[in-house]
Amino acid sequence: MRLFNTMTRRVEEFAPAGGRRVGLYTCGPTVYNYAHIGNFRTYVFEDVLRRHLRYSGYDVFQVMNITDVDDKTIRGSRNAGIPLKDYTKPFTDAFFSDLKTLGIEPAEVYPAATDHVEDMISMILKLIEKKHAYVSSDGCVYYDVGSFPAYGKLAHLDFNGLRSGSRVAHDEYDKENLADFALWKAWDEEDGDVAWDSPWGRGRPGWHIECSAMSIRHLGETFDIHTGGVDNIFPHHENEIAQSEGATGRQFVRYWVHSEHLQVEGRKMAKSFGNFYTLREVLEKGYSGREVRYVLISGHYRQKLNFTFAALDAARPTLARLDECRARLAALAGASKPGDAPGWARAGDAAFGAAMDDDLNVPEALAAVFGVVHEANRAIDSGAMGAGAASAVEALFDKWDTVLNVLRAPEVEPPAEVLELAEQRAAARAAKMWDEADRLRAKLTGLGWEIRDTAEGAKLKPRQQ
């Protein structure tokens, strides 16, 4: 398996330090609002990475942080006039609900920043002791960028072209700025009741120290993979390296893996352009989580992805074609155990694995999947496939779906009204009342359900819109 390492700017063979165990840290949400589809482009990519690591036989231990205290969350809670915890909880709950909607596997640990302030204070004390940080006259603590000669190695900064500033107190700043950054912020009236005691007085941690402290707390001083969007490279991940390696004297992360930006309808996503969408807003337009996930994984993670509603519309018949093929295979296989897979299916399996091992090349992996769909339909049409082979091909789709998680339509339990109509139709067919059976089929169609008569009985499934 090979991954592009942002640190070296090369595709490298992946070899975890702990044998088959992989420590994976993914920058999670800042819960000041609902996560938008740009966020979920990164979270879905990270899910595919996690799933392919497990597919490849690794034991993955993933940590995804929840940033529930920073400039944005404090500002939001003050504007809403409610305590910080009460402000962030609905957005945290919504985030976990959205993860389920998109079929994202849960991480092993979701540490919240507010639960790890003592870890942050301990790390800041080490940085002060090692002369990487200093306490300012106003009670804030800053990281001394000049004390860490390797600063800029992840972002490959050219220091000659950067503006120098003495200090930056806010959490986010641009790549043109080279300045000492805040590890601890002394309390002021803008913080309201958000404050913790520290050796330097009341205050709160800066954003960057949070991820350093939480990742080391749960994964150790050195771990295998740290991910995020390319917008995190500087300053956030650059600052994480400086803090962590300054405190421990050890390499912080072995592989840095970043996903590119998401555009919407060909433009940077922005409220001013009218193309800013949360996942919930996309779902309200009638699209499913499966369709959104399919579009989000359809481009290579290191290339900008243009998210369009036309692409979502196209995903629907594409997934329907896959579902139809799988239904045909299942009907042909019946209760048969998997036999020998046809040669074209084995070739598709090899192509899928090679594509995913090649820096998570999902577009090539999907091409392999739909190549098998084409060959399976052709084999069924010609009568060249037996039950055992059909069962073997179905098993391949299930195996691939442990990585992609879009290759099987989610099962939807029919409501009581639909089940009752289906039973009435079955009774009409048994009594050879064909007109009544057709009337009931039409009624089911109007309710958004298809009914198919098979050797095992009538099967219900939601209609494609």
- Note on the structure: Note: P199 and L125 closest approach over all heavy atoms is CG-CD2, 4.0 Å
- Query: Residues two or more places apart in sequence or in another chain: which of them pass side chain to side chain donor-acceptor pair (under 3.5 Å) with T6?
  - Reply: H258
- Query: Taking it one step at a time, do Q243 and S212 satisfy side-chain hydrogen bond (donor to acceptor under 3.5 Å, both in side chains)?
  - Reply: CA-CA 7 Å; Q243 295 162 158; S212 287; 2.8 Å; yes
- Should Y32 and D68 count as side-chain neighbours, where that means a heavy-atom distance under 4.5 Å? no
- Message: Between Y277 and F307 (judged by ring centroids, cut-off 6.0 Å), do the two rings come close enough to count as a pair?
- Response: no
- Message: Salt bridge or not between R204 and D191? Use side-chain N to carboxylate O under 4.0 Å.
- Response: yes
- Query: Are D323 and R290 within salt-bridge range, i.e. N to O under 4.0 Å?
  - Reply: yes
- Item | Approximate separation, where rounding is to 0.5 Å, of W256 CH2 and I225 CD1 | 12.0 Å
- Nearest-0.5 Å distance, CG of residue L262 to OG1 of residue T42: 8.5 Å
- Message: Strictly below 4.0 Å, N to O, side chains only: are R167 and D138 in salt-bridge contact?
- Response: no
- Do any N or O atoms from the side chain of N361 and from the backbone of M356 form a donor-acceptor pair under 3.5 angstrom? no
- Message: To check you understand the geometry: which heavy-atom pair defines the closest contact between V63 and F61, and what is its length?
- Response: CG2-CE2, 3.8 Å
- Task: Run the numbers on Y134 and Y143 for ring pair (Phe, Tyr, Trp, His ring centres under 6.0 Å), then give the verdict.
- Result: CA-CA 7 Å; Y134 58 90; Y143 189 95; 9.3 Å; no
- Assess R9 against F4: is NZ or CZ under 6.0 Å from the centre of the six-membered ring, and within 45 degrees of the ring's axis? no
- Query: When you check the gap from the basic side-chain N to the acidic O, do K271 and E281 get nearer than 4.0 Å?
  - Reply: no
- Note on the structure: Sequence neighbours excluded, the answer for side chain to side chain donor-acceptor pair (under 3.5 Å) partners of R408 is D398
- Query: Do E260 and Y301 have side-chain heavy atoms sitting under 4.5 Å apart?
  - Reply: no
- Item | Shortest non-hydrogen contact from P106 toward R50 | O-NH2, 3.2 Å
- Taking the six-membered ring for Trp, are Y255 and F14 ring centroids under 6.0 Å apart? yes
- Sidechain N-carboxylate O distance under 4.0 Å for D47, R51: yes
- Query: When you check the gap from the basic side-chain N to the acidic O, do E417 and K443 get nearer than 4.0 Å?
  - Reply: no
Please tabulate, one pair per line, all N/O donor-acceptor pairs under 3.5 Å involving side-chain atoms of residues 95-104, not counting sequence neighbours.
| from | atom 1 | to | atom 2 | distance (Å) |
| --- | --- | --- | --- | --- |
| D98 | OD1 | R280 | NE | 3.2 |
| D98 | OD1 | R280 | NH2 | 3.3 |
| T101 | OG1 | S97 | O | 3.2 |

- Report the distance from atom CE of M214 to atom SG of C27, rounding to the nearest 0.5 Å. 8.5 Å
- Item | E105/R54 ion pair, N-O < 4.0 Å | yes
- Item | Ionic contact status for D59 with R21, cut-off 4.0 Å | no
- Is the Y142-F181 ring centre distance short of 6.0 angstrom? no
- Item | Residues E245 and R250 bridged, charged N to O under 4.0 Å | no
- Query: Would a line drawn from the ring center of Y151 to the ring center of F148 be shorter than 6.0 Å?
  - Reply: no
- Does NZ or CZ of K268 fall inside the cone over F273's six-membered ring, less than 6.0 Å from its centre and within 45° of the axis? no
- Side-chain ion pair, K131 and D144, N-O less than 4.0 Å: no
- Query: Does the distance from a Lys or Arg side-chain N to an Asp or Glu carboxylate O, for R326 and E324, drop under 4.0 Å?
  - Reply: no
- Query: If we ignore angles and hydrogens, is there a donor and acceptor under 3.5 Å between the side chains of T67 and K72?
  - Reply: no
- Indicate yes or no: at least one non-hydrogen side-chain atom of R75 is less than 4.5 angstrom from one of R78. no
